[in-house]
Protein chains: 4
Amino acid sequence: MEPKLAKLGHIAIVTPDLEKSHWFFHDVVGLNVQKKETNKIYYRGWADFEHHTLILIEGNEAQLDHIAWKTEKPEHVDMFKKKLNDAGFNTWDVQPGEEAGLGYAFRFKLPTGQIYEIYYEMEKPPAPEALKSRLKNQVFKSFNQGISPRCIDHVNYNVGNPDEAMKFHEEMFGFKSRECIELDNGMRVAHWTSVTSLVHDLAIMHDPENRQNRLHHIAFYLDSFQDVARAADIYREHGIELNVAPGKHGVTQASFIYAKDPGSGIRLELFSGGYHIYDPDWETVVWKENELADGIIWWGPELKSDFLPDSVGPAS
Amino acid sequence: MEPKLAKLGHIAIVTPDLEKSHWFFHDVVGLNVQKKETNKIYYRGWADFEHHTLILIEGNEAQLDHIAWKTEKPEHVDMFKKKLNDAGFNTWDVQPGEEAGLGYAFRFKLPTGQIYEIYYEMEKPPAPEALKSRLKNQVFKSFNQGISPRCIDHVNYNVGNPDEAMKFHEEMFGFKSRECIELDNGMRVAHWTSVTSLVHDLAIMHDPENRQNRLHHIAFYLDSFQDVARAADIYREHGIELNVAPGKHGVTQASFIYAKDPGSGIRLELFSGGYHIYDPDWETVVWKENELADGIIWWGPELKSDFLPDSVGPAS
Amino acid sequence: MEPKLAKLGHIAIVTPDLEKSHWFFHDVVGLNVQKKETNKIYYRGWADFEHHTLILIEGNEAQLDHIAWKTEKPEHVDMFKKKLNDAGFNTWDVQPGEEAGLGYAFRFKLPTGQIYEIYYEMEKPPAPEALKSRLKNQVFKSFNQGISPRCIDHVNYNVGNPDEAMKFHEEMFGFKSRECIELDNGMRVAHWTSVTSLVHDLAIMHDPENRQNRLHHIAFYLDSFQDVARAADIYREHGIELNVAPGKHGVTQASFIYAKDPGSGIRLELFSGGYHIYDPDWETVVWKENELADGIIWWGPELKSDFLPDSVGPAS
Amino acid sequence: MEPKLAKLGHIAIVTPDLEKSHWFFHDVVGLNVQKKETNKIYYRGWADFEHHTLILIEGNEAQLDHIAWKTEKPEHVDMFKKKLNDAGFNTWDVQPGEEAGLGYAFRFKLPTGQIYEIYYEMEKPPAPEALKSRLKNQVFKSFNQGISPRCIDHVNYNVGNPDEAMKFHEEMFGFKSRECIELDNGMRVAHWTSVTSLVHDLAIMHDPENRQNRLHHIAFYLDSFQDVARAADIYREHGIELNVAPGKHGVTQASFIYAKDPGSGIRLELFSGGYHIYDPDWETVVWKENELADGIIWWGPELKSDFLPDSVGPAS
């Protein structure tokens, strides 16, 4: 039997200015602090059950640190480890205490340079009493600070060859390409892919310079387009530049707003709505080159040519 | 290997007044007509990909006709058939032409009287040109008629013993109880249960008179609470009584509005928001007797004692 | 030439528990504090330009202290004073320092016991730097704390004879009855009345025990129904009982939510939408007795018989 | 005593393709048809009480036909006529039957070329039974067709010298400049001005080529930003290009979406939210040249240099 991934667990990013990034993600965006360590802060949205869905790590250069995926069953962690080792990948275990809240887990490096963490066990601590929701099925009070997103949604990174990366994710982890963009030359330059019913837990986009490990954005979820508009108000009041103004994607049908963390330059998408795919016989929706603009922005700001390659990470 | 269900496919209900029910579901609610047959109409929301998600059948008495579940793989249909037969259930195949759009499928009767249909194959016809969405990943134009819900969401029925019914669904089909209500005497009188990431594809509630096959409501999805408010306006303008006014459930965290189809008396919930469960280690959220009211209505209209047992179906 | 009122300026109320009322109006509702004095706090919404729109005064018994109306021109203050004196009313000037931010103003007592303040001059201080909006036409940042309403909207009180009170307001101050409820016996038991384009700056409702100076509620404005839903979430998270759950009025067409300040028992309505009347030839919309329920609540919670007379103020 | 204007009554525009313009304003936007004449159609929003708020007239060239302003009192029509005649303006009466629903009224031409109509009497017909709202204070059912705006909001045109035009409106009709844009050279290139509590019934903007009678856009009101988003969806589904995508103005604080009627090329703004000015001592908010972009678009699409002068009307 094949091991399976259950969901995107969390994203860890490196910021050269932890204080400023904290101001952005906590004061402005309103993520809840779960734990502070020297040079590291753990956050989650008000409806994220696990210990953390975002980790900020202070470091020299803004970049992705790792992306963590939770398995469907405890034994799948070792099954994935074996599958990866058999395929020639080096894996290493996360050391006890290295990541708060986490149980047994290992990491490995993708052919495109990203570090993935595979885990099943993660603490699900309740919120501190003062911030605790009065709803039994919710962790923190909502709308307590800043924009206040519900939960983690997805991650989007650029690589040289999205089709190869897609194939790797499909074969190794069972990701399905839900929607994609296909150029006239046949090259598929972007895949929206998931292991859940979401259109994407992960988007993989082409970097025009064929750089491999470039982080395009991370995304958290808002409950409505009115919340997206409220986010725009709050961003502007705090002097945060809207990197891409509110609008609606064609791909995913979701509404969005993008802004960059001034501490790291990493882009945060706040994402709302969209659709879910429960059909096992789903066929990838293929947007052709002349449909690309509609796919990226169905309505909203004009799509600029420098949006798609604008990313952070290692130079090559 | 165990067969699996992928999703709730559609609901078929019997109405004594098809014309009036059609006026309600099409003109007021705004579901799209896929096909009309003598005494039978097939509908779907603007984002429902399969041929139909609701069937209205003219008949003597308002009641549930059947609930259809799509399997994860084609071969799971026969695997479920065998599993049911082995457990002593009688199953019968849906005859060619009996249900438009449907491929190979069988039906059986639950211990509590409901007919379930198990299928994998279903046509996914595009919308007629005039009603076709210009979005590649959407079927019909949205907001073309009436309230205009996105897609099917869930079904809710009453039985004598929800715990027994839950156990049956768990063992036979792998449903998980996501949230439930437990009385002080230990009886679990309501389960919200799913095979998808939704908190529920199906809710099973206790009927105080222990009747077995009572339909409480069917539900379609709206994209926002503003759409729920717009639905209230449209209902009132069309003289439709709000059976339960807009509000927010504690269980599921979703906003809602209920109205009854004047043709059949069957209750339709329009449902928006809520949360998804991607955690494989989810533990059922248990609402105690003194939390029941908050669970059913977190804010909104007062919960009336006759709401939960108010259902349609066979008298006993 | 007749003097004119320009708008409802502010409302001052007495609370027996200033600390708890402050928690409600500031921490939960999110009004901005303009000034604190011993036993008195001045507040305003993020878009209220004048020094204050709400004053909380600590005192023995919860009640209305006064309602302030701004005149169209500076000289109208004295013109109203003379008009009132000529009609036999006693008037007295507000003493310098008695009310912060206020210029020349006088007060008088209505035949029904309420104290009105008539003024033109009021400071329009900018917000403190940290709370100041970056928008030139807005005072405070919005969504900075709690529910965060935009501005004052209206006040609603009960008297023995609303028709007499309406006549007084019309003749003395030029208020127009925009909508009213008329019983089958011909008695008009409620008037929604304004000097602005709002359907009401003031509602005057009948008290069934013919008590004269009963405060029914004060109201602030929210920008959308989504904000009303967000208010419901925030109220419930803070343990505030929803006195009347979200819904939509027939009269005014506005959406609403009501909660009581736990310090004073005074009811706050958060109000959104509605319509404006720019027609000088507007004819009062008359809701008949059998239309009363639709007028009060077009959709939302059921109208309870004790809602309309439930008020605070002197016992008789 | 000075005569006064009460409100913007309606706007009449000329379209070279009445059929296509009707498809846009009726089928897509969802304005209600009040009356059809040869080459002329009268429309209004679902909450517009008077006979019409928009007239489409078939003609050779797309342009403004006239803008109608309702006076505060019947006798003000003649008072304005005399005032205009005294100032050397030629006025002419609207002939009986020339404009449906209209009573006594006259027209005149502004120094900048626009035709204004001054009237008091206008029929307020109820909606046809099938379209009639069940709300006593509302005319048509809302959300019955297309986007379905509530009511007329404002008109915006370009002239050579907005300051002169503002002065004319102030002296002749009592308009107040609520907000304006002032270049570094001291020239005020845009005024948002009103006779009501709205920030603007009328905006007057500079045409860089000093053309005098250029129509920039007409505007109708939507109840929420969610409705603006829904408008974007409906526009795109009908193949209507978004001339300016959804966003929020700094000036007025309102959210917006712009599209052009494909029959006439005339731009329609759908406008929601914003603030009202009840303060008689309001001081014009002056946006400086370096604040212009924020004033026009607080968040949303980038402001393009060709947006402000892009208008229809006579060539010079």
Side-chain angles (χ1 to χ4, degrees), chain C residues 1 4-9 47 49-50 70-74 76 120-122 124 133-138 142 150-151 178-179 195-199 201 221 223-227 248-253 255 272-283 285-288 291 294-295 298, chain D residues 1 4-9 47 49-50 70-74 76 120-122 124 133-138 142 150-151 178-179 195-199 201 221 223-227 248-253 255 272-283 285-288 291 294-295 298:
Chain C
M1 212 190 101
K4 280 192 178 168
L5 293 183
K7 66 164 193 175
L8 170 63
F49 294 95
E50 293 195 324
K70 184 180 180 97
T71 61
E72 199 52 48
K73 299 193 176 181
H76 290 185
Y120 179 84
E121 284 172 22
M122 171 73 84
K124 298 185 176 186
S133 175
R134 291 181 62 239
L135 269 172
K136 294 202 77 153
N137 51 10
Q138 184 173 316
S142 52
R150 172 181 277 273
C151 57
R178 303 311 204 158
E179 306 205 32
V195 293
T196 65
S197 63
L198 291 166
V199 175
D201 309 312
Y221 191 80
D223 273 8
S224 77
F225 189 52
Q226 200 78 39
D227 289 337
K248 177 174 173 169
H249 293 305
V251 174
T252 74
Q253 299 173 20
S255 55
S272 182
Y275 69 103
H276 282 258
I277 299 170
Y278 302 110
D279 282 5
D281 48 359
W282 182 257
E283 289 174 25
V285 176
V286 182
W287 300 73
K288 300 294 187 184
E291 300 166 332
D294 277 357
W298 181 237
Chain D
M1 209 192 105
K4 281 193 179 166
L5 293 182
K7 65 164 193 175
L8 170 63
F49 294 96
E50 292 196 323
K70 185 181 180 96
T71 61
E72 199 53 47
K73 299 193 176 180
H76 291 185
Y120 179 84
E121 284 173 22
M122 172 71 86
K124 298 187 177 184
S133 175
R134 291 180 64 239
L135 268 173
K136 294 202 77 154
N137 50 11
Q138 185 173 316
S142 53
R150 172 180 278 274
C151 58
R178 304 311 205 159
E179 306 204 31
V195 293
T196 65
S197 62
L198 291 165
V199 175
D201 310 311
Y221 191 80
D223 274 9
S224 75
F225 189 52
Q226 199 78 38
D227 289 338
K248 176 175 174 169
H249 293 305
V251 174
T252 74
Q253 299 173 18
S255 54
S272 181
Y275 69 102
H276 282 259
I277 300 170
Y278 302 111
D279 281 5
D281 49 358
W282 182 257
E283 290 176 25
V285 177
V286 182
W287 299 73
K288 300 293 187 185
E291 300 166 331
D294 277 356
W298 181 236

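Here is the naming used below: chain letters follow the sequence lines, and residue numbers restart at 1 for every chain. Remember, predicted model here, so these are calculated numbers, not experimental data.
The candidate with the highest count of non-hydrogen atom pairs below 4.5 Å against chain D, out of C:Arg134, C:Lys73, C:Gln226, is C:Arg134. Contact count versus chain C (heavy atoms, under 4.5 Å) is highest, among D:Ser197, D:Gly273, D:Ser224, for D:Ser197. Contacts with chain C were tallied for D:Leu8, D:Val286, D:Asp294; D:Val286 has the most, counting heavy-atom pairs under 4.5 Å.
In this structure, the separation between CG on C:Asp201 and OH on D:Tyr278 is 7.5 Å, given to the nearest 0.5 Å. Of the inter-residue distances, the one linking C:His276 atom NE2 with D:Tyr221 atom OH reads 7.0 Å to the nearest 0.5 angstrom. Here NZ of C:Lys7 is found 11.0 Å from CD1 of D:Ile277. Values are rounded to the nearest 0.5 Å. Between C:Ser142 atom OG and D:Gln253 atom CD the span is 8.5 Å, to the nearest 0.5 Å. Taken to the nearest 0.5 Å, the OH atom of C:Tyr120 stands 4.0 Å off from the CG atom of D:Asp281.
In terms of modelled atom types and a separation under 3.5 Å, the side chain of D:Asn137 and the main chain of C:Gly250 share a donor-acceptor contact.
When every heavy atom of C:Thr71 is checked against every heavy atom of D:Pro280, the shortest pair comes out as O-CG, 3.4 Å.
In this structure, chain C has a heavy atom under 4.5 Å from the backbone of D:Thr252, while its side chain stays farther away. Contacts between D:Ala6 and chain C at a heavy-atom distance below 4.5 Å involve backbone atoms as well as side-chain atoms. Residue D:Arg150 touches chain C through its side chain alone, counting heavy-atom pairs closer than 4.5 Å. Interface remark: C:Lys70 contributes side-chain atoms only to the contact with chain D (heavy atom separation under 4.5 Å). Contact annotation for D:Phe225: neither backbone nor side-chain heavy atoms come within less than 4.5 Å of a heavy atom of chain C. For C:Val195, no part lies under 4.5 angstrom from a heavy atom of chain D. Neither the backbone nor the side chain of D:Val199 has a heavy atom closer than 4.5 Å to any heavy atom of chain C. At a 4.5 Å heavy-atom cutoff, the contact between C:Glu291 and chain D is made by side-chain atoms alone.
By the neighbour-count criterion of 12 heavy atoms within 6.0 Å, atom NZ of C:Lys136 is densely surrounded, having more than that number from other residues, nucleotides or ligands.
Taking 4.0 Å as the cut-off between side-chain N and carboxylate O, C:Asp279 and D:Lys124 count as a salt-bridged pair.
Between D:Tyr275 and C:Phe49, the ring planes lie tilted relative to each other; the angle falls in the 30° to 60° range.
Under the salt bridge (charged side-chain N to carboxylate O under 4.0 Å, His left out) criterion, D:Asp227 pairs with no residue at all, not counting sequence neighbours.
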